[in-house]
Amino acid sequence: MTRSFVATSAIALLTLSTVLPAAVGTAETCAASMDRPSIVVVGSLNVDIIVASRPPELHETVVAVEPRARFAMGGKGANQAVAAARLVAGARPVKFVGVFGNDAHAVELEAELRANGVDISMSERAHDLPSGQGFVMLSPDGAASSVVIPGANSRWPTDEAELARRMEAATRGAAVVMLQREIPDRVTLAAARAARERGALVLLDAGGVDDPIPPELLSAVDYVMPNETELERQTNASADTDDLAYAAAEALIKKAGARRERPRVLATLGARGALLVSEEKDGGFSRARFPAAEVPGGKVVDATAAGDAFRAAVAAFLAEDRDAATKKTRAETAGGALVSPRVARAAAAAGALAASRVGAAPSLPSRAAVV
Ligand code: RIB
């Protein structure tokens with residue numbers, strides 16, 4: 001497959017109907033913050049085709065409620081990069097490492113990432129596949145079900161040494177690296193390993209393919225962040241009550257293998273808020289519980305990307321904690337990467353705001369709206 005680095009595009013093809021929010025900063029305007037440790041997102045980007053309809057049952061045809069579909073930028077990786085950029089508000093670089101397709105959508109996706117101040121210089125373009133697509137069925141109660149067509153998200157270097165070199169370059173200078181499961185796990189694993197070697201904090205969103213997370217990937221990250229469904233699928237256990245959810249989180253941690261390499265689990269449970277489970281040195285588990293934020297307007301309009309907003313806020317605010325931690329002694333920073341109530345509050349607010357608006361990228365909140 002032939003690839004080339006994505007170049008700035010002067011052409012704007014009006015294939016998408018997203019309304020671009022005000023840019024939060026560009027590589028040029030944020031020059032002063034460029035030497036701050038960055039947030040790097042390695043993952044997917046999609047054009048989302050949003051259909052106002054409940055998902056069909058097997059063998060059923062349903063007619064959408066609205067006469068036309070809406071289009072917006074999506075993909076868990078791109079959503080998280082845009083959300084992080086809006087939340088850091090130019091205070092540090094945010095990089096997106098992904099693969100654009102060979103279609104007109106790629107031009108719009110690229111433009112939207114740039115307009116949000118996201119550095120895409122480490123991304124590539126696949127010449128033989130279109131950009132990823134997300135078919136999002138938006139139910140009247142705001143619940144979203146999606147089918148993702150991977151497209152260019154599946155095109156990464158097949159040579160492992162080349163992949164490792166790319167990930168080393170991409171994660172250099174990162175405070176936090178965000179990963180998901182909408183690109184091949186081997187790429188995500190290479191990114192996690194490269195990031196860890198460089199001292200970055202590694203966050204894995206469990207969303208994407210729903211097959212078991214490989215133990216070597218679990219043990220290469222600091223946080224695994226599933227939603228309730230993902231937590232249940234990964235552990236074959238119910239997370240219906242808090243006690244069950246805590247037990248499932250502990251089971252997920254243990255799947256990583258050797259104790260010293262196990263991650264923390266930060267699970268989102270929708271209106272029930274979030275919980276954090278960490279393994280202690282003595283083999284016991286500590287638990288923390290964080291409340292959900294109220295959805296503005298009191299109604300979920302579109303849950304798409306609420307999880308992306310939540311996780312990007314965790315990355316953005318943990319990166320700040322890490323900046324502060326570098327000024328402290330080693331003893332003071334033990335557990336410095338722990339999600340605090342402040343981080344959890346900002347993340348819950350970001351998720352709730354995203355759920356109050358239609359679309360993935362268009363719904364992602366600014367820093368001012370969250371703090
Ligand atoms: O997390 C939301 C995203 O999941 C959507 O934007 C869709 O593209 C799927 O990737």
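Here the structure is a predicted model, which is why all the values come from computation and not from measurement. Indexing begins at 1, ligand by ligand and atom by atom, following the structure's order.
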Which residue pairs pass the salt bridge (Lys or Arg N to Asp or Glu O under 4.0 Å) test when at least one of the two sits in residues 351-363, sequence neighbours left out?
none
Distance-only criterion, 3.5 Å: show the donor-acceptor pairs between side-chain atoms of residues 135-145 and protein atoms not counting sequence neighbours.
{"from": "D141", "atom 1": "OD1", "to": "A143", "atom 2": "N", "distance (Å)": "3.0"}

For residues T268 and N227, is any side-chain donor paired with an opposing acceptor at under 3.5 Å?
no
Applying side chain to side chain contact (heavy atoms under 4.5 Å, CB included), can you list everything that pairs with R181, at least two apart in sequence or on another chain?
D185, L204, V209, D211, I213, P214, Q234
Do any N or O atoms from the side chain of D321 and from the backbone of L318 form a donor-acceptor pair under 3.5 angstrom?
no
Chain-and-number sorted residues having a heavy-atom contact under 4.0 Å with ligand 1 are N46, D48, G74, G75, K76, N79, V148, E182, T304, A305, D308, A360
Can you check whether H127's main-chain N or O pairs, donor with acceptor, with N102's side chain at less than 3.5 Å?
yes
